[in-house]
Structure formats: C-alpha cells, structure tokens
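Okay, structure first, notes after.
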Amino acid sequence: MFDRDREWSALVRFAADEQPGATLGVVSGRRRQGKSFLLEALCQEMGGFYFSSQEATDTESLALIGEALTRHLDPVIPFTPSNWSMVLDVLLRMGRDRPVPVVIDEFPYLARANPALPSIIQGAYAPRRAERTSSRTRLLLCGSAMSFMGGLLSGNAPLRGRASLDLSVDTLDYRLAARFWELSDPRLALLLHSVVGGTPAYRTEMIRYDAPRDLDDFDAWVVRAILSPGSPMFLEARYLLAEEPALRDGALFSTTRFSAPSPRATAGVAGSPDTWVARATNCLTR
C-alpha cells in the first residue's frame, strides 16, 4: 500500500469504534485511486463483509447481496431478501457482538436502480431504533461518481447528518506521484504529472509500468502511452466525464472550459443559471 496511511488510519478508527450504536461512513474518490483495495483489506483484517455492487436491476441486486450474505454468514436457510430493509436489518445484526465493518462498494449503482435506497438507510439508522442502538455495525458506502457521492450528505439529502465518516481518497500530489513512478528528475516528474496526474492505477494497470526513461524519452512516451489509439489512456478523459451522472450537457461543459473566467460571466455566455455553471466548474476541477 503506497501512501494511504491517512486513509487507512481513518478507516480503522471508524471500523474499530467500540461505542454502542451502528454508524455510517461514506468513502468517495475517482476511479483507480485504491478505494476498493483499502476497503477489501479492511474487511479482511477485521472479519467484515464486503459487497461490490453491479449495474443491475433492483431485483437482481437484492438477489446478489442475498447470495453474498449467505456465503458470508452460512445460515441454515439461504437468505433471499425481498427488499432493502431486510438487508439492512441483517447487516445491523452482524454487529451485535462486536464492531464489524460492512462495505457496500459502487453504491451509486444500487441507488440508480432504487432511488429510495438512501431514504431506506435513513430509516434503518433512525437515532432511537432498537436495531441500530443494539448494533456496532460500521456501514461504509463507497462510490466513484463524485457528483452523486458528494450529494449523499449535503443539503436536504436523506443521509445528511447521519454519517460519522466522510472520507475522500484523492489522487497523489506531484511529489508523491514522482516517488510512485520512481522518478528522480523533478522536471520530468512535473511533466509526467501534468499529463497523467496522480492516479496510481494509470501506472500499474493501464500503462503497465511504462515510464519515460529520461527527458529525451518524454515526448516518445506521450505518443506511445497516451496518444496511441491502442492505449487505454487514449480516451480516458472522455470516460471520466461519462462516469459522472450529472455531466450530461456537453455544450455547457465546453463553454465552461473555454469562455469567461467567472461563473457569472460564463453563465451569461452559456445562457445558463449561475448554479449550473458553478456545478460544472466544480465537476471539471475534481
């Protein structure tokens, strides 16, 4: 694990909390930052339950998590939930005897199929509900759709005020990325960071450890690793925007990138409300 000490410590503190009462946490961050790795490791170390959601219908997702809980708990009769309230009560019962981490990864997939799910969790985590007060389940909702995850705990959202952990797993900064890519030349490290940023999996999974040997090799590296149509990095920027459910107005985002320097001025150019432009700017910045 490279330079995730802060995130790991926060997760362990949350999951090992001995205080009575089930708690809720949210883990977010762009894809390929190591969120799932951290959460799977946490569940493995602490005997918790990890479930990775899939793009599926609500009925299919209930069947999948029922199968996963059956494998994990090994009950006499297989668990076949008909609704999410049943699932949440089982997850809460898992924490009756000790603090136990429970991870639902790719949570936006589930909420897309059942938009009421955050409200269902809110109900299960009602402050005086017996199932909650008698449990020490540490439920972690994780996702990569930044606009969705950011909205889970904001404004009038159902889970506003329910979470005791809101953890963002961010990209590596310039200096950490240089160490991760094993670059000693600061100029070369800066050039590389300006192209691929600090996403760890770009090196380990997508580029497969192909790094520029020196400054003279940098341009050739950009051509072969980034600009080649056969490279997974070739369309990565487009895929990152496509992952965001809130980023659907391509014309607005193009205007935001290339027009006036302030949200109010850009709104005038785009003919859109200030709030829409501010949201577009924040999404592009992330």
Side-chain angles (χ1 to χ4, degrees), residues 1-12 25-42 52 103 105-108 140-150 165-228 230-247 253 256-257 279-286:
M1 187 185 303
F2 180 86
D3 193 66
R4 292 302 187 195
D5 295 341
R6 177 186 66 84
E7 292 87 348
W8 179 253
S9 297
L11 288 170
V12 170
V26 171
V27 180
S28 60
R30 281 174 45 192
R31 290 192 185 279
R32 306 181 185 92
Q33 305 307 317
K35 302 185 303 299
S36 296
F37 180 88
L38 285 167
L39 294 170
E40 285 188 83
L42 180 74
S52 181
V103 173
D105 206 350
E106 301 294 356
F107 180 71
L140 289 157
L141 308 178
C142 179
S144 302
M146 299 296 289
S147 56
F148 175 87
M149 297 302 294
L165 177 72
D166 185 7
L167 178 66
S168 176
V169 180
D170 299 320
T171 58
L172 304 177
D173 65 23
Y174 151 70
R175 291 180 177 83
L176 289 172
R179 284 173 47 202
F180 186 75
W181 284 79
E182 300 178 343
L183 300 175
S184 57
D185 186 327
R187 184 181 176 194
L188 179 58
L190 180 61
L191 287 170
L192 184 141
H193 192 265
S194 70
V195 174
V196 295
T199 296
Y202 286 168
R203 183 191 185 211
T204 59
E205 296 179 15
M206 300 181 72
I207 302 179
R208 297 301 299 161
Y209 298 94
D210 179 8
R213 294 182 295 274
D214 49 38
L215 283 170
D216 292 336
D217 184 46
F218 179 75
D219 288 350
W221 173 80
V222 170
V223 171
R224 71 175 180 264
I226 309 299
L227 299 181
S228 169
S231 168
M233 296 295 297
F234 186 65
L235 296 175
E236 178 66 3
R238 180 181 298 178
Y239 294 153
L240 285 175
L241 292 177
E243 287 174 357
E244 287 292 334
L247 309 188
F253 281 91
T256 302
R257 288 182 61 201
R279 184 181 64 184
T281 303
N282 289 335
C283 287
L284 288 173
T285 300
R286 290 199 300 268

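Contact between Phe218 and Val195 at its shortest, heavy atoms only, is CZ-CG2, 3.8 Å. For Pro108 against Cys142, the heavy-atom pair with the smallest separation is CD-O, 3.8 Å. Taking all atoms of both residues into account, the shortest heavy-atom contact from Leu38 to Arg4 is CD2-CB, 4.1 Å. Shown here for Ser168 and Arg6, the closest heavy-atom pair between the two residues is O-NH2, 3.4 Å. The two residues Met149 and Ser144 come nearest to each other via the heavy atoms CG-N, 4.4 Å. Between Leu192 and Pro212, the shortest heavy-atom distance links the atoms CD1-CD, 3.6 Å.
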Exercise. Take Leu42 and Leu140 through the side-chain contact (heavy atoms from CB on, under 4.5 Å) test and state the conclusion after the steps.
Key: CA-CA 11 Å; Leu42 180 74; Leu140 289 157; 3.8 Å; yes
Quiz item: Would Thr171 and Gln33 count as a side-chain contact (heavy atoms from CB on, under 4.5 Å) if you check the C-alpha gap in whole Å, the side-chain angles of each, and the deciding distance to 0.1 Å?
Solution: CA-CA 6 Å; Thr171 58; Gln33 305 307 317; 3.4 Å; yes
Practice problem: Go through the steps to decide whether Glu236 and Arg31 satisfy the test salt bridge (Lys or Arg N to Asp or Glu O under 4.0 Å), and finish with yes or no. | Solution: CA-CA 11 Å; Glu236 178 66 3; Arg31 290 192 185 279; over 6 Å; no
Self-check item: Steps toward side-chain contact (heavy atoms from CB on, under 4.5 Å) verdict (Leu191, Leu215)
Solution: CA-CA 9 Å; Leu191 287 170; Leu215 283 170; 3.8 Å; yes
Practice problem: Dump the intermediate steps for side-chain contact (heavy atoms from CB on, under 4.5 Å) on His193 and Trp181, then the final yes or no. | Solution: CA-CA 10 Å; His193 192 265; Trp181 284 79; over 6 Å; no
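The CD1 atom of Ile226 sits 11.0 Å away from atom CZ of Phe234, with the distance rounded to the nearest 0.5 Å. Atom-to-atom distance recorded for Leu167:CG and Lys35:NZ is 10.5 Å, nearest 0.5 angstrom. Atom CG of Asp210 and atom CG of Asp217 lie 8.0 Å apart (nearest 0.5 Å). For the atom pair CG (Leu165) and CG (Leu11), the distance works out to 6.5 Å, reported to the nearest 0.5 Å. Atom CG of Leu172 and atom OG1 of Thr199 lie 8.0 Å apart (nearest 0.5 Å).
Arg203 places a side-chain N or O within 3.5 Å of a backbone atom of Phe180 that can act as its donor or acceptor partner. Although no hydrogens or angles enter the test, the distance criterion places a donor-acceptor pair under 3.5 Å between the side chain of Ser231 and the main chain of Ala225. Judged purely by atom type and a 3.5 angstrom limit, Tyr174 uses its side chain to pair as donor or acceptor with the backbone of Pro186.
In this structure, Thr204 and Tyr209 have side chains that are in contact, with non-hydrogen atoms separated by less than 4.5 Å. Looking at heavy atoms from C-beta onward, Asp214 lies out of side-chain contact with Asp185 at the 4.5 angstrom threshold.
A salt bridge is defined here as a Lys NZ or Arg NE, NH1 or NH2 lying under 4.0 Å from an Asp or Glu carboxylate O, and Arg175 with Asp3 fails to meet this definition.
Atom CZ of Phe37 sits in a sparse spot, with 12 or fewer heavy atoms from other residues, nucleotides or ligands closer than 6.0 Å.
The aromatic rings of Phe107 and Phe148 are tilted relative to each other, their planes meeting at an angle between 30° and 60°.
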